[in-house]
Amino acid sequence: MARDSAAARVKDGYTTGARRLATHAIGGLARTRVTPDFLTALGITICGLGAVAVYFEYRNEILWYWAGAILFWGGSLLDILDGALARQSGRGTQFGAFLDSTTDRVGEAAMLAAIGLVFARHGQEFALGAVFAAMAGSFIVSYTRARAEALGLKGDVGIGSRAERVFVIVTGLFLAPWGLLPWAVYLLNVTAWITVVQRIVSVRRQLKQF
């Protein structure tokens with residue numbers, strides 16, 4: 001129980017700190033004509049470019065893996081900024097929130113697909129299978145949250161939310177030239193599927209309270 005509480009405090013601190021930083025950074029942008037939807041579109045575009053960069057790793061591993069990592073991190077950071085801009089500028093809409101959540105999945109799937117193509121190129125079949133499992137796990141993590149919140153319950157529990165998955169992927173890409181990318185994918189699987197179980201258990205507990 002104490003371990004779970006400590007992990008929850010670290011996770012909350014990380015998320016709260018990131019949101020606070022985003023709120024400060026977005027102050028000037030809120031006074032411009034830039035919309036949250038524009039940041040969402042820009043973020044998915046940058047994530048897509050990061051996926052393309054990773055595909056070209058065979059030309060120069062350090063250059064293209066690291067370029068992909070930086071682009072994916074930058075595009076994912078805009079996921080925080082678009083929400084902060086929507087809250088601070090008052091220009092957020094229900095469609096914008098829906099679009100934001102949808103494009104988050106697309107950006108992550110694009111990067112995992114690129115990583116899968118790299119594994120296929122190098123004949124790493126087990127790692128390729130792990131990519132498919134990680135992609136399914138990340139989607140189910142998001143789905144369990146959406147279903148829980150549709151029931152009026154808390155659904156954002158667990159150790160492997162999107163922020164943590166982005167961190168694992170980016171770290172794996174930076175370490176990829178030394179052959180550690182498959183291990184990042186394995187870790188991504190562990191955190192994603194543990195989170196699925198955590199959210200199922202959490203929803204069951206909450207429903208029992210009614």
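All residue numbers refer to positions in the sequence shown, counting from 1. Remember, it's a predicted structure, so these values are computed and weren't measured experimentally.
Thr40 is not listed as a side-chain neighbour of Leu78, based on a closest heavy-atom distance of 4.5 Å or more. Side chains of Trp73 and Leu77 form a contact here, defined as non-hydrogen atoms less than 4.5 Å apart. Side chains of Leu49 and Phe72 form no contact here, defined as non-hydrogen atoms less than 4.5 Å apart. Proximity of Arg162 to Ser76: side-chain heavy atoms (C-beta onward) are separated by under 4.5 Å at one or more points.
Judged as a salt bridge (charged side-chain N to carboxylate O under 4.0 Å, His left out), and not counting sequence neighbours, the contacts of Glu149 are Arg145. In this view, Arg59 and Phe56, Trp64 satisfy the side chain to side chain contact (heavy atoms under 4.5 Å, CB included) rule, not counting sequence neighbours. Residues that satisfy the side-chain hydrogen bond (donor to acceptor under 3.5 Å, both in side chains) test with Gln206, not counting sequence neighbours, are Ser202. Taking Ile200 as the reference, Val196 meet the side chain to side chain contact (heavy atoms under 4.5 Å, CB included) condition, with sequence neighbours excluded. Legend: residues meeting side-chain hydrogen bond (donor to acceptor under 3.5 Å, both in side chains) with Arg105, ordered by chain and number and at least two apart, are Ser142. Listed by chain and number, the residues in a side chain to side chain contact (heavy atoms under 4.5 Å, CB included) with Ile70 are Phe174 (sequence neighbours excluded). Taking Thr191 as the reference, nothing meets the side-chain hydrogen bond (donor to acceptor under 3.5 Å, both in side chains) condition, with sequence neighbours excluded. Ala176 meets the side chain to side chain contact (heavy atoms under 4.5 Å, CB included) test with Tyr65, Leu181; sequence neighbours excluded.
Taking OG1 of Thr144 as the start and CD of Gln198 as the end, the distance is 10.5 Å to the nearest 0.5 Å. Note: Ile159 CD1 to Glu164 CD = 8.5 Å, rounded to the nearest 0.5 Å. In this structure, the separation between CH2 on Trp193 and OG on Ser138 is 9.0 Å, given to the nearest 0.5 Å. Interatomic distance, CG of Asp156 versus OG1 of Thr195, reported as 11.0 Å (0.5 Å rounding).
A continuous path of hydrophobic side-chain contacts links Leu173 to Ile62 [ILVMFWY only; heavy atoms under 4.5 Å]. Tracing side-chain contacts under 4.5 Å through hydrophobic residues (I, L, V, M, F, W, Y), one reaches Phe139 starting from Val168; they form part of the same cluster. In this structure, Leu42 is a member of the same hydrophobic cluster as Leu71, with clusters built from ILVMFWY side-chain heavy atoms closer than 4.5 Å. Hydrophobic clustering (side-chain heavy atoms under 4.5 Å, transitive across Ile, Leu, Val, Met, Phe, Trp, Tyr) keeps Trp178 apart from Trp183. Val141 and Ile169 fall into different hydrophobic clusters, where Ile, Leu, Val, Met, Phe, Trp and Tyr are joined by side-chain heavy atoms under 4.5 Å apart, directly or via other members.
In this structure, Gly172 and Ala184 approach most closely via the heavy-atom pair CA-CB, 3.5 Å.
Residue pairs meeting the salt bridge (Lys or Arg N to Asp or Glu O under 4.0 Å) criterion with at least one member in residues 170-189: none, sequence neighbours excluded.
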Could you list the donor-acceptor pairs under 3.5 angstrom formed between side-chain atoms of residues 109-135 and any protein atom two or more places apart in sequence or on another chain?
| residue | atom | partner | partner atom | Å |
| --- | --- | --- | --- | --- |
| Arg121 | NH1 | Tyr55 | O | 3.0 |
| Arg121 | NH1 | Glu57 | OE2 | 2.6 |
| Arg121 | NH2 | Tyr55 | O | 2.9 |
| His122 | NE2 | Glu57 | OE2 | 3.0 |

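Put simply, the side chain of Arg165 never gets that close to the backbone of Ala192: no donor and acceptor are under 3.5 Å apart. Looking at Arg199, its side chain does come within 3.5 Å of a backbone N or O of Val157 through a donor-acceptor pair.
Grouping Ile, Leu, Val, Met, Phe, Trp and Tyr by side-chain contacts under 4.5 Å, direct or through others, puts Ile44 with Val106.
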